[in-house]
Amino acid sequence: MTKLILKRIYDKELPEGYRILIDRLWPRGMSKVRAKLDLWAKQIAPSAELRKWFGHDPEKYTEFKKRYLEEIDQNPYTPEFLAEIKSALHKQDVLILYSAKDEEHNNAVVLMEYLNKKI
């Protein structure tokens, strides 16, 4: 059975699978060769305005989550993104990759919760 896996792109050892980076900005110090991405889905990332407002402040996380979920629901790219993940899951695990240092309060955690409800 295939599954969605949430991982930080900087982790030393990443499991095998279809690799999707979900950040709007390219991770610092990460080469494209090392990243070995199948998809860079920057369109699904939080808007620049929301990202800057949040600033990875854990105290703003609850409001950030609410606003980001609204953006996902209104994003015209969301159906295509969901279809891509569903298609990949028929063949292999799907790695949702992000670069944030805070592993609990970031857009990837919000997106994974969303995906687990939709897929």
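Values below: all heavy atoms of this structure, side chains included; hydrogens, waters and symmetry mates excluded.
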Closest heavy-atom pair and its distance - [X], [Y]:
X: Pro46; Y: Tyr68; value: N-CE1, 3.5 Å
X: Leu82; Y: Lys118; value: CD2-CB, 4.2 Å
X: Glu103; Y: Val109; value: O-CG2, 3.5 Å
X: Thr2; Y: Asp93; value: CA-OD1, 3.3 Å
X: Met30; Y: Ile9; value: CE-O, 3.5 Å
X: Arg24; Y: Trp40; value: O-CZ2, 3.5 Å

- Message: Whether Arg19 and Asp38 form a salt bridge (side-chain N of Lys/Arg under 4.0 Å from carboxylate O of Asp/Glu) is what I want to check.
- Response: no
Would [X] end up clustered with [Y] when hydrophobic side chains under 4.5 Å apart are linked, directly or stepwise?
X: Leu25; Y: Val110; result: no
X: Leu111; Y: Tyr10; result: no
X: Leu21; Y: Leu14; result: yes
X: Leu39; Y: Ile96; result: yes
X: Ile85; Y: Leu37; result: no

- Query: Taking the six-membered ring of Trp26, is NZ or CZ of Lys32 closer than 6.0 Å to its centre and within 45° of its axis?
  - Reply: yes
- Is it the case that Tyr61 and Glu104 place a side-chain donor and acceptor less than 3.5 Å from each other? no
- Message: Test side-chain contact (heavy atoms from CB on, under 4.5 Å) on Glu84 and Tyr18; report intermediate values, then the result.
- Response: CA-CA 10 Å; Glu84 182 77 24; Tyr18 189 83; 2.4 Å; yes
Quick check for you: to the nearest 0.5 Å, what is the distance between [X] atom [atom1] and [Y] atom [atom2]?
X: Trp53; Y: Glu63; atom1: CH2; atom2: CD; value: 5.0 Å
X: Asn107; Y: Ile44; atom1: CG; atom2: CD1; value: 10.0 Å
X: Arg67; Y: Lys65; atom1: CZ; atom2: NZ; value: 15.5 Å

- Query: Short question: side chain of Asn106, backbone of Ala100 - any donor-acceptor pair under 3.5 Å?
  - Reply: no
- Between the side chain of Lys60 and the main-chain N/O of Gly55, is any donor-acceptor distance below 3.5 Å? no
Tell me which donor-acceptor pairs under 3.5 Å the side chains of residues 69-81 have, and how far apart each pair is, sequence neighbours excluded?
residue, atom, partner, partner atom, Å
Glu71, OE1, Ser47, N, 2.9
Glu71, OE2, Ser47, OG, 2.7
Asp73, OD1, Tyr114, OH, 3.4
Asn75, OD1, Tyr77, N, 2.8
Asn75, ND2, Gln43, O, 2.8
Thr78, OG1, Ile72, O, 2.7
Thr78, OG1, Asn75, O, 3.3

- Message: Exactly one of Leu95, Val94, Leu97 should register a side-chain contact (heavy atoms from CB on, under 4.5 Å) with Ile20. Which one does?
- Response: Val94
